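Contents: one structure, followed by commentary.
Letters A, B, ... are given to chains in the order of the sequence lines, protein chains preceding strands, and every chain is numbered from 1. Here the structure is a predicted model, which means the values were calculated and not measured. Values below: every heavy atom of this structure, side chains too, minus hydrogens, waters and symmetry copies.
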Number of protein chains: 2
Amino acid sequence: MSKMQIGELAARTGLSQRTIHFYEEKRLISPSEREGRGYRYYDEQTLRRLEKISALKEIGLSLDEIAGVIDLYFQDETGIMGKRRVLEILQGHLKGTEARIVSLQGFRKDTKASIKKLEGLIAKAEGRG
Amino acid sequence: MSKMQIGELAARTGLSQRTIHFYEEKRLISPSEREGRGYRYYDEQTLRRLEKISALKEIGLSLDEIAGVIDLYFQDETGIMGKRRVLEILQGHLKGTEARIVSLQGFRKDTKASIKKLEGLIAKAEGRG
DNA sequence: TCATAATCTACAGTCAACGTAAGGTGATGA
DNA sequence: TCATCACCTTACGTTGACTGTAGATTATGA
């Protein structure tokens, strides 16, 4: 269970094997082990890492940006300075996410207004017809 | 006011002139006029159109997808069938937007939890130090 | 009239994030 | 023995969304 090959990892994350290779090139992940015949082996940690990467992509970060922060999510920061730094990054993500949400809510409002107006027009046209 | 050249349009939308040309190639917009064999002239309608395009990009539509629906936002649909069609599209956008919001809210929740945990650790470390 | 500014067309280049294909290795089961 | 499988590396291709730039044309003000 704990050790899996790339095929299983791909299946469980929904990513393609190529994408996983690509993420390794970009230093977003690395296999936990590379035994005899060259196969990559991954653990659950990498699985969670990939999930976090997808989540960060969802909020609009580029892979480069993700590469710059992904470790912060998974290293056990011992020093208090490290913890503060991680905290700052997370707070930045939170802010970005909230801005994004607000912007989408604005769009939602506009769209709802358009819909309502259009429904009115349709109702009127039907009533008259 | 009503008639402007590409420079002004670019300034007012925040897009580059090159991008506006590009959007024209992609049939997302077109100049209202092309007098004297040369310069493009735009009206306020195009300005609003570009703003809508940006909004649709914001919610994750590709330029191709936008090209497929942008007219619906600006044509005065006369027939009731047309109106229904526009309504459907808008409802689709609304659904997509709401899904997007929910997903971001999930991420926000996770991030907040991480922050809280981290703040706890920092407080503990400080209290002990 | 002439400099300068604004715009034009057309083609090439870039960058991210993969996709795809070719050719090769070691393990496994019929 | 041999086909199949799961993976490997290397490398070129693709798509989307721009961006740069050269060289020509058009407009404007002193």
Side-chain N,O (H21(B)) to OP1/OP2 (dC18(D)) below 4.0 Å: no
Residue whose nearest DNA chain D nucleotide is more 5′ - K57(B) or Y39(B): K57(B)
Sugar-phosphate, base or nothing in reach of Y23(B), heavy atoms under 4.0 Å: sugar-phosphate
5′-ward residue of the pair G7(B)/S16(A) relative to DNA chain C: G7(B)
Side-chain N,O (R40(B)) to OP1/OP2 (dC8(C)) below 4.0 Å: yes
dT7(C) phosphate, OP1 or OP2, under 4.0 Å from Q17(B) side-chain N/O: yes
Within-4.5 Å side-chain heavy-atom neighbours: R48(A) and Q45(A): yes
dA6(D) phosphate, OP1 or OP2, under 4.0 Å from Q5(A) side-chain N/O: no
Residue pair E44(A) / L47(A), side-chain heavy-atom distance below 4.5 Å: yes
T19(A) side-chain N/O to dG19(C) phosphate OP1/OP2 under 4.0 Å: yes
Length of the CZ-C1' vector between R37(A) and dT28(C), whole Å: 10 Å
Short side-chain N/O contact from K26(B) to OP1 or OP2 of dT15(D), under 4.0 Å: no
Spacing of E35(A) atom CD relative to dC8(D) atom C1', expressed in whole Å: 12 Å
R18(B) or D64(B), whichever maps to the more 5' nucleotide of DNA chain D: D64(B)
